[in-house]
Protein chains: 2
Amino acid sequence: MTGGGQLVLLVEDEAAMRRFLRASLQAQGFRLVEAATVREALIAVATHNPDLVLLDLGLPDGDGIALTRTIREGSRVPILVVSARGRESDKVEALDAGADDYLTKPFGMNELLARMRVAFRHHGAERGERAPVVEVGELHLDLERRQVVVAGTEVHLTPIEYKILALLGRNVGKLLTHQQILEEVWGPAYATHTHYVRVHMAELRKKIERDPARPRILVTEPGVGYRLRDRDDAARG
Amino acid sequence: MTGGGQLVLLVEDEAAMRRFLRASLQAQGFRLVEAATVREALIAVATHNPDLVLLDLGLPDGDGIALTRTIREGSRVPILVVSARGRESDKVEALDAGADDYLTKPFGMNELLARMRVAFRHHGAERGERAPVVEVGELHLDLERRQVVVAGTEVHLTPIEYKILALLGRNVGKLLTHQQILEEVWGPAYATHTHYVRVHMAELRKKIERDPARPRILVTEPGVGYRLRDRDDAARG
DNA sequence: GCCGGGCATCAAGAAACCATCAAGATGCCG
DNA sequence: CGGCATCTTGATGGTTTCTTGATGCCCGGC
């Protein structure tokens with residue numbers, strides 16, 4: 001989500017319709033880019049990288065279906081077609097060309113907005129949550145794949161070890177108390193079993209620290225807890 | 001082997017309409033499961049794990065919108081609503097409840113099929129069906145042609161074995177939990193039958209691992225799940 | 001120098017988990 | 001109806017992981 005709302009590319013040649021859609025969409029908080037021709041539309045897709053394309057099929061300088069195909073060659077942006085043509089074959093053609101939905105004019109603004117929400121939902125899910133990867137020194141922690149690589153070699157962690165490391169990784173640089181770690185990993189009932197953390201931290205260090213006796217990544221904060229370094233500051237000898 | 005086409009759950013109480021849709025969809029190569037009530041529909045989703053739900057809103061024993069919400073709580077299966085009600089508010093409500101598309105009766109079969117193709121396209125992309133061919137070691141998995149080749153020889157997998165391998169293949173390198181595998185392959189109702197996964201994983205390994213006792217491709221992550229290796233680190237015994 | 005608290009490490013047993021075999025159950029095909 | 005492929009389910013033995021207790025280190029206070 002960008003600061004001022006999602007960016008919609010409106011491809012429509014008729015001025016009145018464009019004014020109407022512009023007003024309605026802006027009222028909903030969308031940002032807008034507009035194009036009146038196939039040429040303009042292609043340029044706009046390339047330069048603005050919109051979050052959704054709202055495409056009227058009846059353009060003066062070319063075929064909206066072909067435009068859909070061309071956009072699809074280089075982008076997965078949701079394309080929502082709006083058209084006065086209501087023939088079934090038109091719909092099938094547009095949808096098979098890569099459009100994600102097809103509305104026949106006249107349509108209600110609420111339905112258009114609902115279908116836009118569906119498109120955003122799909123596209124959001126498709127892109128998924130940004131794959132969070134944490135890198136500290138030679139440690140490479142991929143939270144999405146649940147994979148840990150140290151110095152180029154994959155390392156196997158037990159469930160508890162991974163939970164601890166993932167917790168620290170999601171809070172790189174921050175200090176976590178024994179209690180916080182215990183509650184997150186074992187559950188609130190274990191908040192006093194400080195020893196558990198020590199044992200598993202030792203195992204973890206054996207696996208990811210170059211010299212477990214002198215931790216550079218998983219550092220102890222005496223009397224408080226542990227912390228995952230966010231930079232690999234050059235350490236002393 | 002019935003495993004050919006995609007499985008569609010048809011939720012429709014009116015007998016005539018059901019006959020018509022059944023005939024049309026089967027002619028297109030889809031496999032069908034049918035439900036006439038909300039209750040039946042929920043059971044069918046949980047037990048048959050369909051690839052798409054075709055839902056008529058006018059059910060006798062309850063609300064189709066509520067059914068949509070309930071399905072969405074446990075599954076991301078595409079839901080395509082078909083309804084005699086054409087009011088805009090009905091559409092908005094259904095789409096916001098989690099439906100992926102909304103067709104008003106009467107509709108053309110070709111449009112329905114085109115919209116189903118869109119739904120499959122979305123769902124496939126969402127699950128990451130980007131790379132149609134996955135290669136790990138001597139395993140060659142072609143997701144598009146549904147073909148598995150090991151060391152140059154084609155290998156036959158049962159439907160469940162293939163589903164598991166395809167799921168892991170679409171997520172190469174990513175660790176999938178027992179639960180994720182069970183829900184994707186068997187359906188939401190089977191999330192606790194961990195043993196199923198073990199048995200079929202053993203069969204899979206017999207077929208695609210050089211030494212099934214020392215898996216290099218289908219690796220176990222004890223306490224969590226399984227993973228399809230993406231890098232081929234030389235593993236020692 | 002001696003003591004005590006917090007910490008790291010080791011190791012053994014318990015518990016949880018996994019692989020595998022095989023016998024029934026099921027569904028599909030002719 | 002019988003044969004075939006597949007899936008479910010139970011039983012068994014092996015493996016990994018977790019817990020728990022024992023031991024020794026570091027460091028500051030006294």
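Hydrogens, waters and symmetry mates are skipped; everything else that's a heavy atom, side chains included, is used. Protein chains get the first letters and strands the later ones, always in sequence-line order, with residue 1 at the start of each.
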| query | Between B/His178 and C/dC17, does any side-chain N or O lie under 4.0 Å from OP1 or OP2? | reply | no
| field | OP1 or OP2 of C/dG6 under 4.0 Å from side-chain N/O of A/Thr194 | value | no
| query | Closest to the A/Arg205 side chain: D/dT8, D/dT17, C/dA8? | reply | C/dA8
| field | Candidates D/dC18, C/dC18, D/dG10 - which lies nearest the side chain of B/Pro222 | value | C/dC18
| 5'-most by nearest nucleotide on DNA chain C - A/Gly223 or A/Lys206 | A/Gly223
| task | Flag the pair B/Glu12 and B/Lys105 as a salt bridge only when some basic side-chain nitrogen lies within less than 4.0 angstrom of an acidic carboxylate oxygen. | result | yes
| query | Is a salt bridge present between A/Glu209 and A/Arg216, judged by a nitrogen-to-oxygen distance below 4.0 Å? | reply | no
| message | Taking any heavy-atom pair under 4.0 Å as a contact, classify A/Thr220: base, sugar-phosphate, or nothing. | response | sugar-phosphate
| said: Any base atoms under 4.0 Å from A/Tyr226, or only sugar-phosphate, or nothing? Heavy atoms, all strands. | reply: sugar-phosphate
| said: So if I define the base as every atom that isn't primed, P, OP1 or OP2, how would nucleotides 22-30 of chain D read as a B/S/- string at a heavy-atom cutoff under 4.0 Å? | reply: B--------
| field | Spacing of B/Met201 atom CE and B/His178 atom NE2 [to the nearest 0.5 Å] | value | 8.0 Å
| remark: Tested for salt bridge (Lys or Arg N to Asp or Glu O under 4.0 Å) against B/Arg115, the lone hit among A/Asp96, A/Asp100, A/Asp101 is A/Asp101
| query | Just how far, in rounded Å, is C1' of C/dG6 from CD of A/Glu221? | reply | 14 Å
